[in-house]
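What follows is a single structure, written as structure tokens, with notes after it.
Throughout, a chain's letter reflects where its sequence line sits, starting with A, and its residues are numbered from 1.
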Amino acid sequence: MTNAQVARIFAEVADILEILGENPYRVQAYRRAAQIIENLTEDIVDLARRDELEKIPGIGASIAQKVKEIVATGRLKQHEELKAKIPPGLLEMLQIPGMGPKKVLLVYKRLGIDSVQKLEEAAKAGRLRGLPGMGAKTEQNILRGIQLLRSTRGRLPLGIALPAANKIVAELKELPQVERITTAGSLRRMKETIGDIDILITSPDPKPVMDRFVSMPMVKEVLAHGTTKSSVIIDAGTQVDLRVVPPESFGAAQQYFTGSKDHNIRLRELAIKKGLKINEYGVFKADTGERLAGEHEEEMYAALDMPWIPPEMRENWGEIEAALEGRLP
DNA sequence: TAGACTGCGCATGCGG
DNA sequence: CCGCATGCGC
DNA sequence: GTCTA
């Protein structure tokens, strides 16, 4: 039994519970556990044998018990029982961008649709419109989502993503309406593979920038086109998000969207302990709301009494403690 | 052992 | 036509 | 479901 196999079981449990309308935080707990187990460097079977599962943050008594069951028997009773409650095709449908648990359950209950195949046929035949909350537009979006699911590959190697991102940044830089511009996310952290490309800008007049962004030649699909946020899929099959942020929050947004998520959570906790509040808009005093930082990323860390941490190190592997003690390499 | 767990922008449909 | 609620995604 | 106060 590998970590990936165990992770997959919990991920499926999360998906099924979500379709069944369970408490979202419970769903999130399973999903997070799956993620944690998948990214574990140690063998989950060893950890189970040594009874050290609960030492892992995010794994509590309940999940630890279930991991033991999986390791011992090769399966999870709860998982089998849940699987019996819904057709397997519903989980596939959940993978379609734009199809969430509510829509999946809606089309299943009302039309008996239990596979991506059937969903596609129904959408093409115009049988989805008329369902509450669904019109012709939603139908088209679902068809587009199915195409997207079929064409979209997994995470993109940095070697492919970086040149693509650089090209987009270079193109946007040409526009006079673009003031500051940066990448964020796993790309900026230089991870080996990246899930999507995040770009942040400040601009006094975002509309032309957004218009140019969604009409770049490499753009395959436009998922959203607003004045502060737009999302597209480029030919490499990767999603690119462009966000316009206020100049005084640029550093905060850069910090926030660069992540990692775990790094940000640790920073937030630290901020709270210092009587501060940190979010994508800046660092603020918790009591008065006075703004302490936000325009530049370096100030964000300075406001927490620590040196700027290079993006590559922001993984919550001890870099925050190191920074606080001034022993950052 | 009770309460928190981010909260906001976009797209869409609904209802006034 | 416009404001509001909902679903979705992050 | 997990964590914290």
Interatomic distance at C1', dC8(B) relative to dG1(D), whole Å: 25 Å
Winner on side-chain proximity to R268(A), out of dT2(D), dC3(D), dT6(B), is dT6(B)
Indicate whether OP1 or OP2 belonging to dG1(D) is found under 4.0 Å from a side-chain N or O atom of Y30(A). yes
Please state whether the phosphate of dG9(B), meaning OP1 or OP2, lies under 4.0 angstrom from any side-chain nitrogen or oxygen of T228(A). no
Can you confirm whether more than 12 heavy atoms, excluding those of R129(A), are under 6.0 Å from its CZ atom? yes
How is A136(A) classified with respect to the nucleic acid when contacts are heavy atoms under 4.0 Å: base, sugar-phosphate, or nothing? sugar-phosphate
Using heavy-atom distances to pick each residue's nearest nucleotide on DNA chain B, tell me which of Y25(A) and L223(A) is more 5'. Y25(A)
Reading DNA chain B from 5' onward, which residue's closest nucleotide shows up sooner: R144(A) or R32(A)? R32(A)
Mind checking the CG-CD1 spacing from N264(A) to I278(A)? Nearest 0.5 Å is all I need. 7.5 Å
Rounded to whole Å, CG of N23(A) lies from P of dT2(D) at a distance of 13 Å
Over 12 foreign heavy atoms within 6.0 Å of CZ, R291(A): yes
Between P on dG9(B) and CG on D198(A), what's the gap in Å once rounded to a whole number? 16 Å
Considering only atom C1', compute the distance from dT6(B) to dC8(C) and round it to an integer number of Å. 16 Å
Among the nucleotides dG1(D), dC10(B), dC8(B), which one has an atom lying closest to any side-chain atom of Y281(A)? dC8(B)
Which whole-number value in Å describes the distance from I56(A) CD1 to dC3(D) C1'? 15 Å
Which part of the nucleic acid, if any, lies within contact of F10(A), taking any heavy atom under 4.0 Å across all strands shown: a base, the sugar-phosphate backbone alone, or nothing? nothing
Any-strand Watson-Crick or G-U partner of dC3(D), both distances under 3.5 Å: dG3(B)
Take nucleotides 1-10 of chain C nucleotide by nucleotide from the 5' end and write B, S or -, depending on whether a protein heavy atom sits under 4.0 Å from the base, only from the sugar-phosphate, or from neither. ------SSSS
Regarding E319(A) and H263(A), is there a side-chain donor-to-acceptor distance under 3.5 Å anywhere? yes
Does the pair E171(A)/K167(A) count as a salt bridge with the N-to-O cut at 4.0 Å? no
Atom-to-atom span, CZ of F284(A) to P of dG7(B) - whole angstrom: 14 Å
Would you mind telling me which of L304(A), I309(A), N316(A), D262(A) makes a side chain to side chain contact (heavy atoms under 4.5 Å, CB included) with L267(A)? L304(A)
If you look at every heavy atom in R188(A) and T183(A), which pair is closest and at what distance? CD-O, 3.1 Å
